[in-house]
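Below: one structure in structure tokens.
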There are 2 protein chains.
Amino acid sequence: MRAEELKGHLDALLLAALEDGPRHGYAVIEALRQATGGRLELPTGTIYPALRRLEQAGLITGSWSVVAGRRRRDYQLTPGGARALSGKRSAWRDFSATISAALEGRPCPEPA
Amino acid sequence: MRAEELKGHLDALLLAALEDGPRHGYAVIEALRQATGGRLELPTGTIYPALRRLEQAGLITGSWSVVAGRRRRDYQLTPGGARALSGKRSAWRDFSATISAALEGRPCPEPA
DNA sequence: CACTATGCGTAGCATTACTACTTATAGAAC
DNA sequence: GTTCTATAAGTAGTAATGCTACGCATAGTG
């Protein structure tokens, strides 16, 4: 699946990927790929700038480390980031229900 | 609800609003507002350019008429538009399920 | 006459994800 | 020892697209 339609929802995904503990960018990509069964393949040019945006916004904090000779930037949620995640999750539910209603006339399709 | 996060999904909504028959722009806004229980309030500066995009893409066709002294542009789905709507609907289901999975760890929240 | 609802439209802006590229280390293949 | 892959981070420039803030016009109501 292309992530072109993500506009506005990527931040929530990144925050969610950091909810279980600190991760570095490359690991965030892997985590989202696994969580979506391989449907979501984020290019590095998408997530690295996004992580910096989130850091600048104070929702995550990053710190450098070196593992196996390679430098990493590990990010973790700030308290504000956790609050933002919670808000974005309910915003997603509202949004998803609204679009589904407009598209299909019911709030959310029940799995069979 | 703000429609800022619509990016990429607006077209599907507009096509869906025209599925039951021809409508003019102003009526599309009303139809989407009603379909979503007032949650979706699209500004005119959003839908008029979007309708023209869809017309240029051949997904809808427009024709002028005059009702009560006011001119209207009525749009209706083309066969290609109907196909596009169908595709966009299933794309939405995929997208929605994928994001929900990444955010909440399950494909789609079941209503209580 | 002013105000509101109806109705269409544009110009310019801001956000944001993408492509394509660069830099760097470690290990395996050859 | 060179090449290829995986790991790891980043930037520059582009394109898409919805938004704000306008302008224009008619009809009806107070």
Side-chain angles (χ1 to χ4, degrees), chain A residues 1-15 17 22-34 39-57 59-60 62-75 88 91 95 98-99 102, chain B residues 1-15 17 22-34 39-57 59-60 62-75 88 91 95 98-99 102:
Chain A
M1 197 193 74
R2 207 60 59 73
E4 267 168 28
E5 320 139 342
L6 270 182
K7 308 267 176 177
H9 306 290
L10 176 63
D11 291 1
L13 295 182
L14 297 180
L15 294 175
R23 272 193 229 271
H24 59 289
Y26 205 82
V28 166
I29 297 177
E30 288 295 324
L32 287 176
R33 175 157 48 208
Q34 288 203 341
R39 283 172 295 180
L40 198 59
E41 294 267 2
L42 297 179
T44 66
T46 291
I47 66 117
Y48 288 121
L51 287 171
R52 303 190 136 248
R53 270 206 306 272
L54 291 174
E55 190 177 17
Q56 267 203 322
L59 302 182
I60 61 181
S63 61
W64 287 106
S65 66
V66 174
V67 175
R70 295 188 205 90
R71 60 172 197 154
R72 283 182 179 177
R73 189 150 179 88
D74 291 296
Y75 291 101
K88 280 170 190 298
F95 173 75
T98 300
I99 303 306
Chain B
M1 198 192 73
R2 206 59 59 75
E4 265 168 29
E5 320 139 342
L6 270 181
K7 308 268 177 177
H9 306 291
L10 177 62
D11 291 2
L13 296 183
L14 297 180
L15 294 175
R23 270 192 231 271
H24 60 290
Y26 204 83
V28 166
I29 297 176
E30 288 295 324
L32 287 176
R33 175 157 51 207
Q34 287 202 342
R39 284 172 294 180
L40 196 59
E41 296 266 2
L42 297 179
T44 67
T46 291
I47 64 117
Y48 289 121
L51 287 171
R52 304 191 135 246
R53 271 205 306 271
L54 292 175
E55 190 177 15
Q56 267 203 321
L59 302 183
I60 61 180
S63 61
W64 287 107
S65 67
V66 175
V67 175
R70 295 187 204 91
R71 60 174 197 154
R72 284 181 178 177
R73 189 150 180 88
D74 291 296
Y75 291 100
K88 281 169 190 299
F95 172 76
T98 300
I99 304 305

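A, B, ... follow the sequence lines: proteins, then strands. Residue 1 opens every chain.
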>> Please report the distance, rounded to the nearest Å, between CD in A:Glu30 and P in D:dA8.
In response: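 It is 9 Å, rounded to the nearest whole Å.
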> Looking at the side chain of A:Pro43, which of C:dT19, D:dT7, C:dG9 is the nearest nucleotide?
Replying inline: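 Of the candidates, C:dT19 comes closest.
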> When the distance from NE2 of B:His9 to C1' of C:dA17 is rounded to whole Å, what number comes out?
Replying inline: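 To the nearest whole Å, that distance equals 12 Å.
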> Which of these nucleotides, D:dG10, C:dC18, C:dC8, is closest to any side-chain atom of B:Arg73?
Replying inline: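 Given the options D:dG10, C:dC18, C:dC8, the side chain of B:Arg73 is closest to C:dC8.
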> Between C:dG9 and B:Tyr48, is there an OP1 or OP2 to side-chain N/O distance shorter than 4.0 Å?
Replying inline: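 The answer is no; no side-chain N or O of B:Tyr48 sits under 4.0 Å from OP1 or OP2.
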>> If the cut-off is 4.0 Å, is B:Arg72 near the phosphate of C:dC8, judged by side-chain N/O to OP1 or OP2?
In response: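 B:Arg72 to C:dC8 OP1/OP2: no side-chain N or O under 4.0 Å.
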> Expressed in angstrom and rounded to an integer, what is the separation of A:Leu51 atom CG from C:dA17 atom P?
Replying inline: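 The answer, rounded to whole Å, is 11 Å.
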> Which is it for B:Leu14 and B:Leu32 under the side chain to side chain contact (heavy atoms under 4.5 Å, CB included) test, yes or no, and what are the steps along the way?
Replying inline: CA-CA 8 Å; B:Leu14 297 180; B:Leu32 287 176; 4.2 Å; yes
> Can you tell which of D:dG10, C:dC8, D:dA9 lies closest to the side chain of A:Tyr26?
Replying inline: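 The closest nucleotide is D:dA9.
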> Is the phosphate of C:dT6, meaning OP1 or OP2, less than 4.0 Å from a side-chain N or O of B:Arg71?
Replying inline: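 B:Arg71 to C:dT6 OP1/OP2: no side-chain N or O under 4.0 Å.
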> Atom CD1 of B:Ile47 to atom C1' of C:dT10: distance rounded to whole Å?
Replying inline: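 From B:Ile47 CD1 to C:dT10 C1': 14 Å.
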>> Rounded to whole Å, please give me the gap between CG in B:Leu42 and C1' in C:dC8.
In response: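 Result: 16 Å.
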> Once you round it to whole Å, what is the distance between C1' of D:dC19 and CD of B:Glu41?
Replying inline: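 So the two atoms are 15 Å apart, to the nearest Å.
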> C:dA5 C1' sits how many Å from B:Ile29 CD1, rounded?
Replying inline: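 For the pair B:Ile29 CD1 and C:dA5 C1', the rounded distance is 13 Å.
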Which atom pairs link the protein and nucleotides 23-27 of chain D when you take only N or O atoms and keep those under 3.5 Å?
residue	atom	partner	partner atom	Å
D:dT26	O3'	B:Gly69	O	3.4
D:dT26	O2	B:Arg70	NE	3.1
D:dA27	O4'	B:Arg70	NH2	3.1

> A:Arg72 and A:Trp64: which non-hydrogen atoms are nearest, and at how many Å?
Replying inline: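 Smallest heavy-atom distance, with atoms named: O-CE3, 2.9 Å.
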>> Given C:dC18, C:dG9, D:dG10, identify the nucleotide with an atom nearest to the side chain of B:Arg52.
In response: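 Nucleotide nearest to B:Arg52's side chain: C:dG9.
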>> Can you tell me if A:Arg53 touches the phosphate of C:dT15, counting only side-chain N or O atoms and a distance under 4.0 Å to OP1 or OP2?
In response: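 No, no such contact exists.
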>> Applying salt bridge (charged side-chain N to carboxylate O under 4.0 Å, His left out), can you list everything that pairs with B:Arg33, at least two apart in sequence or on another chain?
In response: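 With sequence neighbours excluded, B:Arg33 shows a salt bridge (charged side-chain N to carboxylate O under 4.0 Å, His left out) to B:Glu30, B:Glu41, given in chain and number order.
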List the atom pairs, donor and acceptor, that lie under 3.5 Å between side-chain atoms in residues 42-56 of chain B and the rest of the protein, sequence neighbours left out.
residue	atom	partner	partner atom	Å
B:Glu55	OE2	B:Gly62	N	3.2
B:Glu55	OE2	B:Arg73	NH2	2.7

>> Quick one, B:His9 and A:Phe95 - any side-chain contact, counting heavy atoms below 4.5 Å?
In response: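 Answer yes - side chains close enough.
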> Minimum heavy-atom separation for B:Arg23 to B:Ala17, with atom names?
Replying inline: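 Reported closest heavy-atom pair: NE-O, 3.0 Å.
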> Tell me: CZ of B:Arg33 to C1' of C:dG7, nearest whole Å?
Replying inline: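 My rounded result for the distance is 14 Å.
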>> For a quick test of reading the model, state the closest non-hydrogen atom pair linking B:Lys88 to B:Leu15 and the distance between them.
In response: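 Reported closest heavy-atom pair: CD-CD1, 4.0 Å.
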>> For a quick check of understanding: with a heavy-atom distance under 4.0 Å over all strands, which category does A:Gly25 fall into, base, sugar-phosphate or nothing?
In response: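 Counting heavy atoms under 4.0 Å across all strands, the contact made by A:Gly25 is with sugar-phosphate only.
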